[in-house]
Amino acid sequence: MNTTILGYPRIGARRELKFATEDYWAGRIDAAALEKAGADLRAAVWTELRDAGLDAIPSNTFSFYDQVLDTTVLVDAVPDRYRHLTGLDRYFAMARGVQDVPPLEMTKWFDTNYHYIVPELSPGTRFRLADGPAAKPLLEYREAKALGIETRPVLVGPLTYLLLAKPAVDAPAGFRPLDLLDELVEVYAELLERLAGAGTAWVQLDEPALVADRTEAEIAALARAYARLGALPSRPRLLVATYFGRVGAEALRVLADSRVEAVGLDFVTGPDNLEVLASIGGLPRRTVVAGVVDGRNVWRVDSRRAKATCAALLGLAGQVTVSTSCSLLHVPIDLDAETSLDPAVRERLAFARQKVAEVVALGRALREDAPAPSEIPAPPAGIDHRVRARLDMLGDARRGDRAARFAAQRAALRLPDLATTTIGSFPQTPQIRKVRADRRAGRIGEDAYIQAMKDEIARVIRLQEEIGLDVLVHGEPERNDMVQYFAEQLDGFATTEHGWVQSYGSRCVRPPILHSDVARPRPMTVEWTTYAQGLTNKPVKGMLTGPVTMLAWSFVRDDQPLADTARQVALALRDEIGDLESAGIRIIQVDEPALRELLPLRRAEHSAYLQWAVGAFRLATSGVADTTQIHTHMCYSEFGEIIDAIGALDADVTSVEAARSRMELVADLRAAGYRNGIGPGVYDIHSPRIPSVQEMEDNLRRALQAVEPGRLWANPDCGLKTRDYPEVEASLRNLVAAARRVRESLSG
């Protein structure tokens, strides 16, 4: 009974990778220094995993930005517009853009909050193994070998890579990236042969796409790919890892019929993988890598259940290896760093290091037929009967007629066509972060903190008025994160000091831990928003995070349905919205960027999810008058699949990421007959480049093909907290100028 994990966090226990990468971007260190920082982090991880007692250790899970982008570089699928650059400059240009070249699109990795850089392919794409003998998986394997550590290189599988890719804008109609499978597989074949020559015993090919619905053509492509790779005369043994849910029986049968030596299955989010495995007669001559320790949540493993699953597998597989359900990329690194958590919550948790220990302990217990490791303590009594009674009493959550609301808001707010606004946050300067840190450390008092926040809010309001925006925001200087800020003020949540998780690139977040019933003991945003509104005659938006996003970007209790927890969060937000409205705030934005993210990977489960997700949003927002305008915001997901659900939210205005995806959402809106207000982002804030007035004007004119001027808004595609003020000011001035140009051309 061997033990392994499918991947490990790469940011470092103290976010060393984040700081080194940002130093490189800022020109404070050179490429050699950044490469050394990466090598040091890799060596530390491999050594830690060896010393923890794992039997098999993964490599090539490190990345300076994203593993899908690494694969694009590995197979030289680099679009021509980046080829004038070299090395890390080219790599980061694809992720972040440069002034004259926009970046590749970015979207969510399946149903997680991790973002990947979308490959952009065309019939002219010519794959090759970039750097040949110096390819990244080979280099990292040799690095570990030099430390005396044997590793299993991890690659994004060829099928998943192509299914996650999108056609280039100039690709002919009907082209699918999957059309390039045979050419791509030949590059994988070359790489596998080189790895075998270097002494590699095993390679892991990640194919999480197999847990989503797949067509007959895609299953045939899977069979073709692994028939070719399995037949290589010289190759390492192959582990095909699936995760994030239940693998399809057709796909599993293909793998069973292939020559791959091991298959990874997720028994946490896909417990019925046992049934799927039994339905095809098991894998009697294969190893099943059993994902029984949760790689996506922070609760300790139920060791009795995990041991029972592994025991059941012994009758269905030639060999069983105990593993995590997916890479541990999605959880914080070390629970031991948290000294302030409630002990009743803390004793139920496991972060990455603790999960590795759980895997090792389970493997030992199974090998020795010993009792399961210690059991999880009973959950704390976190029931709020008042909240549950209120939810039982609430009836249908609906607002008034859309047309009547539109007319009432138009009369009350008196906004121009193509009204301009931002999504919410403004840059979080080092000075603002220092003030928050000084307050936490007790170096300044509450009065000094409040005055510093008010000074920053006043500065942001003046700046927006000077730029000429129509609807203002207070800039959110008091907020560390759009989820954590609210979690710190709601009962039922715990927050960490060092529980960082990578979201994309150098962006790290500290997901809160939702462990009990949720309640709002007091208003959370009213004081800051009303202060900002008192500084201007223009409307200031109240800014809240929606119930689905609060769940998606937290580690959520697993002892009740997500739908029930979402309604509790929605009730707390409903109370906050009511207090904002009573204080005179007439525009309130409830962000739901994770609405698409949590969409189940199987279509059969979409309807049930969307019903409760939409219901939670409507519960939160349906208690306001027709004259109060409700906004929502979504970003970096494929929204075409849920366009009807976006409409069902019944928000008066929806702002959506659209800059990187070249306003593709416009076609979806046109097809769906969307009638509410829409703000398709015309400015990509995840890139340091400053888009021109003409670029933003072109985007607005594309949007006007589907949205009438009175319902179209001009805004960035996300909050501005990660950007610097010089680029933000220049970009917003261009945004206002573009909106004015289009507005004037329409009136003329």
Side-chain angles (χ1 to χ4, degrees), residues 21-22 25-26 65-66 92-108 113 115-118 420-429 432 460 463-464 467 469 471-477 479 481-482 503-509 541 543 545 549 553 589 591-594 631-637 639 654-665 679-693 695-700 703 713-739:
T21 303
E22 291 176 353
W25 293 341
Y65 206 96
D66 161 53
F92 287 127
M94 288 191 283
R96 306 173 70 236
V98 291
Q99 182 54 40
D100 297 325
V101 184
L104 293 171
E105 187 176 340
M106 181 167 68
T107 194
K108 297 295 179 69
N113 188 34
H115 303 61
Y116 74 92
I117 301 299
V118 182
T420 56
T421 190
T422 66
I423 300 306
S425 60
F426 265 65
Q428 298 244 324
T429 64
I432 289 299
V460 168
L463 174 63
Q464 292 173 90
I467 288 173
L469 291 163
V471 174
L472 313 187
V473 296
H474 80 284
E476 305 177 13
R479 303 188 189 184
D481 174 82
M482 64 181 291
S503 179
Y504 63 87
S506 68
R507 170 71 170 150
C508 300
V509 295
K541 288 191 289 189
M543 302 298 306
T545 302
T549 300
W553 296 355
Q589 182 169 307
D591 290 341
E592 282 291 24
H631 289 223
T632 191
H633 168 66
M634 304 173 188
C635 59
Y636 294 101
S637 285
F639 292 107
T654 300
S655 56
V656 185
E657 180 278 322
R660 282 203 185 192
S661 53
R662 301 182 294 272
M663 308 302 282
E664 288 178 358
L665 184 67
V682 296
Y683 155 33
D684 172 22
I685 70 91
H686 292 85
S687 170
R689 62 187 296 271
I690 298 169
S692 67
V693 175
E695 181 179 331
M696 292 198 232
E697 180 182 348
D698 291 344
N699 281 334
L700 286 170
W713 287 63
N715 48 258
D717 61 11
C718 203
L720 304 169
K721 67 180 291 184
T722 60
R723 303 266 54 92
D724 294 328
Y725 264 104
E727 61 195 65
V728 163
E729 290 184 32
S731 297
L732 290 181
R733 291 183 195 282
N734 288 353
L735 184 150
V736 169

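One is the number of the first residue; the rest follow in order along the sequence. Because the structure is predicted, anything quoted here is derived from the model rather than measured.
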Parallel, tilted or perpendicular: rings of Tyr725 and Phe426 (30°, 60°): tilted
Chi angles and distances behind the side-chain contact (heavy atoms from CB on, under 4.5 Å) call for Trp553, Asp481: CA-CA 10 Å; Trp553 296 355; Asp481 174 82; 5.7 Å; no
Side chain Asp717, main chain Ile685, donor-acceptor under 3.5 Å: yes
Sidechain-backbone polar pair: His633 side chain, Asp591 backbone, donor-acceptor under 3.5 Å: no
Distance (rounded to the nearest 0.5 Å) between Ile467 CD1 and Leu732 CG: 5.0 Å
Shortest non-hydrogen contact between Thr654 and Val656, atoms and distance: CG2-CG2, 3.5 Å
Straight-line distance of Glu22 CD to Arg507 CZ, nearest 0.5 Å: 10.5 Å
Minimum-distance pair of heavy atoms, taken over all atoms of Met543 and Gly424: CE-CA, 3.6 Å
Euclidean distance, Leu469 CG relative to Arg733 CZ, rounded to 0.5 Å: 9.5 Å
Trp25 and Tyr65 aromatic ring geometry - parallel, tilted or perpendicular at 30°/60° bounds: tilted
Side chain Asn734, main chain Pro691, donor-acceptor under 3.5 Å: yes
Heavy-atom pair of closest approach, residues Leu735 and Pro716: CD1-N, 3.7 Å
Any donor-acceptor N/O pair, Glu592 side chain to Met634 backbone, under 3.5 Å: no
Minimum side-chain heavy-atom gap Asp684-Pro103 below 4.5 Å: yes
Glu657 side chain vs Cys718 backbone, donor-acceptor pair below 3.5 Å: no
Heavy-atom donor-acceptor pair, Ser687 side chain to Arg96 backbone, under 3.5 Å: yes
Rounded distance [0.5 Å steps], CD1 in Ile690 versus CD in Glu695: 11.5 Å
Note, His474 side chain near Val460 side chain (heavy atom, < 4.5 Å): no
Gln428 side chain vs Glu476 backbone, donor-acceptor pair below 3.5 Å: yes
Interatomic distance, Thr421 atom OG1 to His631 atom NE2 [nearest 0.5 angstrom]: 7.0 Å
Contacts of Thr545 that satisfy side-chain contact (heavy atoms from CB on, under 4.5 Å) - sequence neighbours left out: Met482, Val483, Phe486, Thr549, Met550
Considering all heavy atoms, the nearest Met696-Val682 contact: CG-O, 3.4 Å
Sidechain-backbone polar pair: Lys541 side chain, Thr422 backbone, donor-acceptor under 3.5 Å: yes
side-chain contact (heavy atoms from CB on, under 4.5 Å) between Leu104 and Val118, worked out: CA-CA 6 Å; Leu104 293 171; Val118 182; 5.8 Å; no
Closest contact, heavy atoms only, Thr420 versus Ala739: CG2-CB, 3.5 Å
Exam field: side chain Arg723 to backbone Pro427, donor-acceptor pair closer than 3.5 Å: no
Residue pair Asp724 / Pro688, side-chain heavy-atom distance below 4.5 Å: no
Under 3.5 Å donor-acceptor, Ser503 side chain and Asn113 backbone: yes
Considering all heavy atoms, the nearest Val728-Tyr683 contact: CA-OH, 4.0 Å
